[in-house]
Amino acid sequence: ERAYRVSASSIGDGTELFVLLFKDQSEARRIDRMRADFIANASHELRTPLASVSGFIETLRGPARDDPVARENFLQIMHNQTQRMARLIDDLLSLSRLEMKPYLKPSGRVDLVQLLDGVVESMRHLAGESGVTIEKAFPSTPIFVAGNHDELVQVFENLMENACKYGGAGGRILVSAEQAGPLEEVRATVRDFGPGIPEEHIPRVTERFYRVDVETSRAQKGTGLGLSIVKHILTRHDARLSIRSKVGKGAAFTVHFPPLPPGAASRPA
Ligand code: ADP
């Protein structure tokens, strides 16, 4: 409010400036609130497995001290919980690294067809474990986009992992890439044929820690951060994510990349 008074008196037209500052302040408050929520959520997510591990340590020191079967069982649970904390910390570090340099746009040039092909091959093992086959629908020629190779690998690994974890019941995943013409946007889609996402949840699944079903996500070793990391990386690439789904019919996650400027595709990276 003080900022308003000072600034408004320094220029002739106070009204416009008032609106501007007000917007700024409410945006700052919104960001503060988001940050506080985020820290609260992250702490809670870490606290749960930590509480479980300390509980089991106490049990191992006391009642289960001389019971080798119980001991083995509890050690296994403690191992799983520490792994869960490690996954969460990895994801939190990924997010903070991405936030550290929002102004640094990825500058490389990536053949999306080759990149997707590599990710599909590296995912075959996980897919096989979930009883899923991956089908590819790529053109035979390269499709270039501006981007950072490793970050884009992370995006598509995440989408394919989710398709296996949550859409695995559908038995197959379809990964496709297309560009209608040299000046058209580039689209890459990861589609599954599993249970899909109820419509009301679709706009929220890219929020940090948002899960449609917390128990399923935990059972699938999810942290609730995968899609927010995806969204972050895509924003840095001036790309966007669209999600289509029908309950019972599966889910399709499409990444839309802007076309490379004319001539850029033939230049070396
Ligand atoms: P998580 O670590 O829980 O997997 P994500 O951010 O990757 O977190 O995904 C958020 C939520 O979106 C998941 O918990 C799940 O409920 C839902 N979801 C993501 N991908 C799919 C999919 N292919 N089919 C159905 N639900 C999905």
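Just so you know, ligand 1 is whichever comes first in the structure, and atom 1 is the first atom listed for that ligand.
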query: Is it true that K165 lies under 4.0 Å from ligand 1, counting heavy atoms only?
result: yes
message: If we set the cut-off at 4.0 Å for heavy atoms, which region of F253 has an atom near ligand 1: side chain, backbone, both, or neither?
response: side chain
- prompt: Who's the nearest protein heavy-atom neighbour of atom 23 (N) of ligand 1, and how far?
  reply: D192 OD2, 2.8 Å
field: Contact (N/O only, under 3.5 Å) between S217 and ligand 1
entry: yes
message: Could you check whether any heavy atom of G194 sits closer than 4.0 Å to an atom of ligand 1, since that is the contact criterion I want to use?
response: no
message: Could you check whether any side-chain N or O of R236 sits under 3.5 Å from a backbone N or O of P106, counting only pairs where one atom can act as donor and the other as acceptor?
response: no
- prompt: So H237 and F257, would you call those rings parallel, tilted or perpendicular, with 30° and 60° as cut-offs?
  reply: perpendicular
task: Would you check the N or O atoms of V212, main chain and side chain alike, for any that come under 3.5 Å of an N or O of ligand 1?
output: yes
- prompt: Quick one: do R218 and E45 make a salt bridge, cutoff under 4.0 Å?
  reply: yes
message: I'd like to check which ligand 1 atoms, numbered from 1 as shown, lie under 4.0 Å from a non-hydrogen atom of L227.
response: 5 (P), 6 (O), 7 (O), 9 (O), 19 (C)
- prompt: Which atoms of ligand 1 have any heavy atom of Y210 under 4.0 Å away?
  reply: 10 (C), 11 (C)
message: E99: which residues meet the salt bridge (Lys or Arg N to Asp or Glu O under 4.0 Å) condition with it, sequence neighbours left out?
response: R208
- line: OG1 of T223 to CZ of R211, rounded to nearest 0.5 Å, is 7.0 Å
query: Does Q179 reach the main-chain N or O of E184 with its side chain, forming a donor-acceptor pair under 3.5 Å?
result: yes
field: Atom pair CD1 (I173) and CD (E161), whose distance is rounded to the nearest 0.5 Å
entry: 10.5 Å
field: For G196, atoms of ligand 1 separated by under 4.0 Å from a heavy atom
entry: 25 (C)
- line: To atom 7 (O) of ligand 1, the nearest of N162, V205, D213, I229 on a heavy-atom basis is N162
- request: With rounding to the nearest 0.5 Å, note down the distance linking CG in L152 to CD in E157.
  value: 11.5 Å
task: Counting heavy atoms only, name the option from Y166, F209, F193 that's nearest to atom 22 (C) of ligand 1.
output: Y166
- line: From the list E151, Q154, H232, side chain to side chain contact (heavy atoms under 4.5 Å, CB included) with S94 holds only for Q154
query: Would you say G167 has any N or O atom under 3.5 Å from an N or O of ligand 1, going by distance alone?
result: no
field: For atom 14 (O) of ligand 1, closest protein heavy-atom neighbour
entry: R211 CG, 3.2 Å
- request: For atom 26 (N) of ligand 1, find the nearest protein heavy atom and state the residue, atom name and distance (0.1 Å precision).
  value: I197 CG1, 3.4 Å
query: If you measure every N/O of G224 against every N/O of ligand 1, is any gap under 3.5 Å?
result: yes
message: Assess whether a salt bridge exists between R187 and E185, defined as any Lys/Arg side-chain N lying under 4.0 Å from an Asp/Glu carboxylate O.
response: yes
